[in-house]
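Here the structure comes first, spelled out in structure tokens, and everything after it is commentary.
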Amino acid sequence: MVIQCQWWRVILVNDPLYPGFCRVIWNAHEQEMSDLHEAEREELMRVVWLVEAAQREVFQPRKINLASLGNMVPHLHWHVIPRFEDDAHFPQPVWGQQQREPDSAVLEQRRSQLNALRDAIIYRLS
């Protein structure tokens, strides 16, 4: 858990290929964005955008992928994933076919930035 409040929480996904992969989860059991009231949708997207901004600041990725799939878990959440040209799947989605074996030293360097990412997310959302 990075940060939470009564409406949402932000977690770091423990994915060895994607350090910095975050999930923004709406706490109430809702399935779709349209199930939320307008103010709730705005709040959820505000959190997604601020997590994205923290990832951009800390990691300076090539791209940020945002996804709200929920096909397997019908509970409203957003994936916020920093992407790099040298990551395992780029330019494919992280759920697609792996394109290469990532450099372990590069992954370790990105993992070393996770505390800075946590701090940046907490700063933006506090």
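Counting begins at 1 with the first residue of the sequence.
- Identified under the salt bridge (Lys or Arg N to Asp or Glu O under 4.0 Å) test for residues 2-27, with sequence neighbours left out: none.
- Side-chain contacts under 4.5 Å among hydrophobic residues (ILVMFWY), followed directly or transitively, place Val13 together with Leu17, Tyr18, Phe21, Leu69, Ile81, Val94, Trp95, Leu107.
- Annotation: side-chain contact (heavy atoms from CB on, under 4.5 Å) contacts of Glu32 (sequence neighbours excluded): Ser34, Asp35.
- The list of salt bridge (Lys or Arg N to Asp or Glu O under 4.0 Å) pairs with a residue in residues 75-97, not counting sequence neighbours, reads Arg62-Glu85, Arg83-Asp87, Asp86-Arg110.
- Considering only residues two or more places apart in sequence or on other chains, Asn14 meets the side chain to side chain donor-acceptor pair (under 3.5 Å) condition with none of them.
- Other residues sharing the hydrophobic cluster of Met1, ordered by chain and number and joined by side-chain separations under 4.5 Å: Ile11, Ile25.
- For Arg56, there are no side chain to side chain donor-acceptor pair (under 3.5 Å) partners, not counting sequence neighbours.
- Within the structure, ring-ring contact (aromatic ring centres under 6.0 Å, His included) pairs that include any residue of residues 100-126 do not occur (at least two apart or interchain).
- Listed by chain and number, the residues in a side-chain contact (heavy atoms from CB on, under 4.5 Å) with Ala28 are Trp26, Glu30 (sequence neighbours excluded).
- Pairs passing the salt bridge (Lys or Arg N to Asp or Glu O under 4.0 Å) check and including a residue from residues 63-78, sequence neighbours excluded, do not occur.
- Judged as a side-chain contact (heavy atoms from CB on, under 4.5 Å), and not counting sequence neighbours, the contacts of Arg124 are Leu50, Ala53, Ala54, Glu57, Ala120.
- Not counting sequence neighbours, His37 has no partner by the ring-ring contact (aromatic ring centres under 6.0 Å, His included) test.
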